[in-house]
Amino acid sequence: MSRATTRVASRKRRHLGIRLTVEGSALRPRLAIFRSLNHIYAQVIDDAAGKTLAAASTLDATLKGDTKRTKTQEAAEVGTLVAQRAKAAGVEKVVFDRAGFKYHGRLKALADAARAAGLEF
């Protein structure tokens with residue numbers, strides 16, 4: 001098994017363990033994060049109803065631009081955008097689902113920006 005396959009399998013195993021304890025409800029939806037090599041995606045999900053209430057990613061047209069940004073700066077912009085969209089949907093508090101990724105770098109920047117924009121974890 002290659003190292004890349006092992007890393008992906010390990011992250012998926014960690015994510016399953018996290019999902020056993022983290023569940024979104026109507027009162028506190030789940031802020032789910034996915035980080036790929038080039039992009040980051042965030043969704044606010046009500047697991048009880050099976051609906052996505054708000055979403056943002058680095059692929060959004062509102063975040064596209066000519067300016068050069070680091071991936072960490074883009075993640076912070078995604079965090080701000082998903083928090084604004086969640087608040088517009090009436091969501092104030094969320095539970096954070098890091099999806100098996102370490103809480104540092106781009107993930108931490110997104111979470112801090114979402115907190116600064118008004119979401120409570």
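Just so it is clear, the values below take in all heavy atoms, side chains as well, and ignore hydrogens, waters and symmetry mates. Remember, predicted model here, so these are calculated numbers, not experimental data.
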### Task
Name all residues meeting the side chain to side chain donor-acceptor pair (under 3.5 Å) criterion together with Thr58; count only those two or more places apart in sequence or in a different chain, and write none if there are none.
His39
### Task
Examine Arg35 relative to Tyr41 and say whether NZ or CZ is less than 6.0 Å from the centre of the six-membered ring and inside a 45° cone about the ring axis.
no
### Query
Which ILVMFWY residues can you reach from Leu16 by hopping between side chains whose heavy atoms are under 4.5 Å apart?
none
### Task
Check side chain to side chain contact (heavy atoms under 4.5 Å, CB included) between Ala86 and all other residues, then give those that pass, not counting sequence neighbours.
Val44, Ala54, Val91, Leu119
### Query
For the residue pair Leu53 and Ala89, what are the closest heavy atoms and their distance?
O-CB, 4.0 Å
## Note on the structure
By side chain to side chain donor-acceptor pair (under 3.5 Å), Thr67 pairs with (sequence neighbours left out) Arg69
### Separation between CZ of Arg11 and OG1 of Thr6, rounded to the nearest 0.5 Å
14.0 Å
### Task
Flag yes if Leu110 and Leu59 sit in one hydrophobic cluster, no otherwise; membership is Ile, Leu, Val, Met, Phe, Trp, Tyr, and two members link when side-chain heavy atoms are under 4.5 Å apart.
yes
## Note on the structure
Here the pair of heavy atoms bringing Ile33 nearest to Ala42 is CD1-CB, 3.8 Å
### Query
Can you say whether the rings of Tyr103 and Phe96 are parallel (under 30°), tilted (30 to 60°) or perpendicular (over 60°)?
perpendicular
### Query
Is any side-chain heavy atom of Phe34 closer than 4.5 Å to a side-chain heavy atom of Ser57?
no
### Message
Please list all pairs meeting salt bridge (Lys or Arg N to Asp or Glu O under 4.0 Å) that have one or both residues in residues 17-29, counting only residues at least two apart or in different chains.
### Response
Arg19-Asp47
### Any pair counted as salt bridge (Lys or Arg N to Asp or Glu O under 4.0 Å), so long as it reaches residues 88-97, sequence neighbours left out
Arg30-Asp97, Lys87-Glu92
### For Val22, the rest of its hydrophobic cluster, which grows through side-chain links under 4.5 angstrom
Ile18, Val95
### Task
Please write out which residues are connected to Leu37 in a hydrophobic cluster, directly or through intermediates, given that two of Ile, Leu, Val, Met, Phe, Trp, Tyr count as joined at side-chain heavy-atom separations below 4.5 angstrom.
none
### Query
salt bridge (Lys or Arg N to Asp or Glu O under 4.0 Å): which pairs involve residues 50-62, sequence neighbours left out?
Asp60-Arg85
### Task
Measure the spacing between CG of Leu63 and CD1 of Ile40 and express it to the nearest 0.5 Å.
11.5 Å
#### Entry: Qualifying salt bridge (Lys or Arg N to Asp or Glu O under 4.0 Å) pairs, either residue in residues 98-109, two or more places apart
Lys108-Asp112
### Task
Only counting residues at least two apart or in another chain, list the ones meeting side chain to side chain contact (heavy atoms under 4.5 Å, CB included) with Thr21.
none
### Task
Examine distances only and state if a side-chain atom of Gln84 and a backbone atom of Leu81 form a donor-acceptor pair shorter than 3.5 Å.
no
### Message
Applying side chain to side chain contact (heavy atoms under 4.5 Å, CB included), can you list everything that pairs with Ala55, at least two apart in sequence or on another chain?
### Response
Gln43, Thr52
### Query
Any idea which heavy atoms bring Ala83 and Ala117 closest together, and the distance?
CB-CB, 3.5 Å
